[in-house]
Novice: 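Take a look at the following structure, please.
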There are 2 protein chains.
Amino acid sequence: MSVPTIKFYVREGLLPAGELTSPNQASYGETHVQRLRLIRALLDVGGLSVAGIRDVIVAIDDPERPVHKVLGTAASRIVPRYDREQDAGIEEARKSVAELIAARGWTAYPDNPAGEALATALAALEDVGHGGFAEVLDTYADAAERVARADLEYVAHHVAREELVESVVVGTVLGDAIFAAMRRLAHVDASHRAFGRAT
Amino acid sequence: MSVPTIKFYVREGLLPAGELTSPNQASYGETHVQRLRLIRALLDVGGLSVAGIRDVIVAIDDPERPVHKVLGTAASRIVPRYDREQDAGIEEARKSVAELIAARGWTAYPDNPAGEALATALAALEDVGHGGFAEVLDTYADAAERVARADLEYVAHHVAREELVESVVVGTVLGDAIFAAMRRLAHVDASHRAFGRAT
DNA sequence: GATAGTGGCGAGTGCCACTATCTATACTTT
DNA sequence: AAAGTATAGATAGTGGCACTCGCCACTATC
């Protein structure tokens, strides 16, 4: 971790400045190191932008902000913003999403960032001519439900209140990466079983 | 979709050139449109780079290449390449991945791109101080297994051989986005159930 | 007292996905 | 037939992003 990079993060508001012990010496503590690790994790593994990380961090650090608002901010930075408004099928996809949510009995508004992201992905699927893939959506929803329950249970039982927001952000971002990697490992296994060939 | 953008894609080898009907007229057909949609889906929703898409497309279009090799190429472009070699905990994380694969009875080499990606994510988790999250890994693996089985079944039953490679690529890339979005929707629901508040 | 490092800051770099501009040609309208 | 519009192809430029450099005044250390 080079010094200029750290100075850059300080300037961008990702990292609090060190405490000045003299005009040209500042001391950094464990919290700075911790914060740096968080930044690298969100940047490298989570794929967030520096600006997005700043917003998330500001939200995390603001003790006034109610928890669910912080999570809202985090979600809106974490979910990549596709602007596919011109996509012909997006409206139809939004309807599918609303139906799925209703069928599942989920309490969630379909027009939140996650619902929009799902609609975008479904619309892209349709565009590409693999709309039939939507057939397995129920399996995806089952799996997502299980995972989400496990996430929440972990958070509820093992995380102290003051760490809550940060761990939810970390879990959301890194959880995506973990699941995606596992899905690919499972693909390799499943395809080996089905076709008798390891990839 | 602007004309210069299309020409750019042609130059970059993402899109075959149109058939010249005269020195300054080329005709594009339905396959070009289809290919364009694929490019946009991988770019916007899948988050691949133009160079990565080129590699994937070259692999898809090469009928000589055995299927499992194409999927290997696709996987190596789809999985983002983290270079966390200097991460202290990466070796330990690799061991966890190998153990997980063994415990699951999966047939997959832990040193493939997906295994590396998983190790990286786990190492990042540990760095950030949320190593305990690894507790729920089994739930993730269960879910990944289910999803992967559904993916494969769909492909085996509904996809013609000549479309196989493309649909696996599409399914892998868009499937990630779909699952991630669903996980967030399920989070909202689960947190509403647990804490009685919608986000 | 020479060397090396620091904070702070503006400017620069390299990469990437386009986008603008240019030339030469051809189709289209009047 | 002349003027206007459009296209292919190619080179160069743009804007955004994550750094990285260079400069200054100063200090810590050998």
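Proteins come first, then strands; the chains are lettered A, B, ... in the order of their sequence lines, and each starts at number 1. A quick note: this is a predicted structure, and the numbers were derived from the prediction, not measured.
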Novice: With nearest nucleotides of DNA chain D determined for Pro23(A) and Pro4(A) from heavy-atom distances, which residue corresponds to the more 5′ nucleotide?
Specialist: Pro4(A)
Novice: Return the nucleotide paired to dT29(D): Watson-Crick means purine N1 to pyrimidine N3 with N6-O4 or O6-N4, wobble means G-U with N1-O2 and O6-N3, both under 3.5 Å.
Specialist: dA2(C)
Novice: When the distance from CZ of Arg54(A) to P of dA18(D) is rounded to whole Å, what number comes out?
Specialist: 10 Å
Novice: Quick one: does Arg149(B)'s side chain have a donor or acceptor within less than 3.5 Å of a partner on Ala186(A)'s backbone?
Specialist: no
Novice: Give the rounded distance in Å between these two atoms: NE2 of His32(B) and P of dA8(D).
Specialist: 11 Å
Novice: Take Glu116(B) and Arg94(B) through the side-chain contact (heavy atoms from CB on, under 4.5 Å) test and state the conclusion after the steps.
Specialist: CA-CA 7 Å; Glu116(B) 273 298 295; Arg94(B) 285 205 185 98; 2.5 Å; yes
Novice: For Ser22(B) and dT7(D), is the shortest distance between a side-chain N/O and OP1 or OP2 below 4.0 Å?
Specialist: no
Novice: For Asn24(B) and for Val50(B), locate the closest nucleotide of DNA chain C by heavy-atom distance; then report the residue assigned to the nucleotide nearer the 5' terminus.
Specialist: Val50(B)
Novice: Is the closest basic N to carboxylate O distance between Arg193(B) and Asp189(B) below 4.0 Å?
Specialist: yes
Novice: Please report, rounded to the nearest Å, how far the P atom of dT11(D) is from the CZ atom of Arg11(B).
Specialist: 9 Å
Novice: How many whole angstroms separate atom CG of Leu48(A) from atom P of dC17(D)?
Specialist: 14 Å
Novice: Rounded to the nearest angstrom, tell me the gap between atom OH in Tyr28(B) and atom C1' in dA6(D).
Specialist: 13 Å
Novice: Measuring from atom CD1 of Ile53(A) to atom CD1 of Ile39(A), what distance do you get when rounded to the nearest 0.5 angstrom?
Specialist: 6.5 Å
Novice: Could you tell me the boundaries of the chain A footprint on DNA chain C, defined by atoms under 4.0 Å from its heavy atoms?
Specialist: dG5(C) to dG10(C)
Novice: Between atom CG in Leu14(A) and atom C1' in dA18(D), what is the gap in whole Å?
Specialist: 11 Å
Novice: Select from Ser49(B) and Ala26(A) the residue whose nearest nucleotide in DNA chain C is closer to the 5' end of that strand.
Specialist: Ala26(A)
Novice: Check the pair Arg183(A), Asp151(B) against salt bridge (Lys or Arg N to Asp or Glu O under 4.0 Å), reporting the backbone distance first and the verdict last.
Specialist: CA-CA 10 Å; Arg183(A) 185 165 84 107; Asp151(B) 288 341; 2.6 Å; yes
Novice: May I have the distance from Ile6(B) (atom CD1) to dA8(D) (atom P), rounded to whole angstrom?
Specialist: 9 Å
Novice: Before you tell me yes or no, could you show the steps for Trp106(A) and Leu100(A) under side-chain contact (heavy atoms from CB on, under 4.5 Å), namely the whole-Å CA-CA distance, both residues' side-chain angles and the distance that decides it to 0.1 Å?
Specialist: CA-CA 9 Å; Trp106(A) 284 346; Leu100(A) 178 92; 4.3 Å; yes
Novice: Relative to the 5' end of DNA chain D, which residue comes earlier, Leu20(B) or Lys7(A), by the nucleotide with the nearest heavy atom?
Specialist: Leu20(B)
Novice: Taking atom CD as the centre, does Glu12(B) end up with more than 12 heavy-atom neighbours from other residues, nucleotides or ligands that are less than 6.0 angstrom away?
Specialist: yes
